Novice: 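I'd like to ask you about the structure that follows.
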Amino acid sequence: MATRSTSAAATAANVEPDTPTLTKAELAEALHTRIGFNKRESKDIVETFFAIIAERLIAGEEVRIAGFGQFGVRDKSPRPGRNPRTGELVPIEARRVVTFHASPKLKAALQGDADDGAPSALGPASRWPGPRPPG
């Protein structure tokens with residue numbers, strides 16, 4: 001499965017421009033290839049999955065995905081900030097942000113604690129085809 005880089009979005013998020021991203025289209029293609037759903041069903045499943053997560057977060061609820069992690073919403077208070085170019089003080093308004101805490105299984109998989117010969121700690125779907133990040 002190919003990955004792509006996003007230069008404008010990556011620059012805005014202070015991420016290396018060559019950082020590969022996983023897109024909704026790639027997720028839908030994986031559902032089509034691995035499970036056999038048709039392409040339209042695969043796209044609808046991916047869109048619905050993310051729409052449900054977004055709806056719950058907007059409503060202020062936590063979203064827990066077993067073996068993966070937990071998404072939550074946190075209210076941040078207003079605070080003083082500083083423009084890094086000019087040094088000028090700029091007020092930062094109160095806002096809501098999404099947080100993510102990885103599950104112990106995901107943390108263990110990221111650290112390579114799972115045996116290579118055994119099934120993945122996250123299940124069969126975690127064995128994603130395509131290039132792995134260096135490390």
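Predicted, not measured: the structure shown is a model, and the values here were computed from it.
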Novice: Flag yes if Val98 and Phe100 sit in one hydrophobic cluster, no otherwise; membership is Ile, Leu, Val, Met, Phe, Trp, Tyr, and two members link when side-chain heavy atoms are under 4.5 Å apart.
Specialist: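 Yes, Val98 and Phe100 fall within the same hydrophobic cluster.
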Novice: What I want to find out is whether Glu62 reaches Arg64 closely enough, with some N-O distance under 4.0 Å, to be called a salt bridge.
Specialist: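 The answer is yes: the pair qualifies as a salt bridge.
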Novice: Got a second to check how far Asn38's CG is from Lys43's NZ, nearest 0.5 Å?
Specialist: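 Interatomic distance, Asn38 CG to Lys43 NZ, rounded to 0.5 Å: 12.0 Å.
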Novice: Check Leu57 against Glu61 and note the closest heavy-atom contact, atom names and distance.
Specialist: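 In this case the closest contact between Leu57 and Glu61 is CD2-O, 3.6 Å.
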Novice: Find out whether Glu55 and Ile53 are in side-chain contact, i.e. whether some heavy atom of one side chain is under 4.5 Å from a heavy atom of the other.
Specialist: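 SC-SC contact between Glu55 and Ile53 ruled out.
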Novice: Show, in sequence, the C-alpha distance, side-chain angles and deciding distance for Phe49 and Asp44, and conclude whether the side chain to side chain contact (heavy atoms under 4.5 Å, CB included) test is met.
Specialist: CA-CA 8 Å; Phe49 176 77; Asp44 288 346; over 6 Å; no
Novice: Please list, chain by chain and in numerical order, all residues satisfying side chain to side chain contact (heavy atoms under 4.5 Å, CB included) with Phe37, sequence neighbours excluded.
Specialist: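 Per chain and number, Phe37 pairs via side chain to side chain contact (heavy atoms under 4.5 Å, CB included) with Leu31, Ile35, Glu41, Ser42, Ile45.
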Novice: To the nearest 0.5 Å, what is the distance between NZ on Lys107 and NE2 on His101?
Specialist: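 Result: 8.5 Å between the selected atoms.
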Novice: Does the pair Arg82/Glu88 count as a salt bridge with the N-to-O cut at 4.0 Å?
Specialist: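 No, Arg82 and Glu88 are not salt-bridged.
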Novice: Heavy-atom distance under 4.5 Å between the side chains of Phe71 and Thr99, does that happen here?
Specialist: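 Not touching, per the 4.5 Å side-chain cut-off.
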Novice: Would you say Arg96 has more than 12 foreign heavy atoms packed within less than 6.0 Å of its CZ?
Specialist: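 Enclosed.
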Novice: Quick check: do Leu27 and Phe50 have side-chain heavy atoms less than 4.5 Å from each other?
Specialist: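 Yes, their side chains come closer than 4.5 Å.
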Novice: Do Ile52 and Val46 belong together in a cluster built from hydrophobic side chains that touch within less than 4.5 Å?
Specialist: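 Different hydrophobic clusters.
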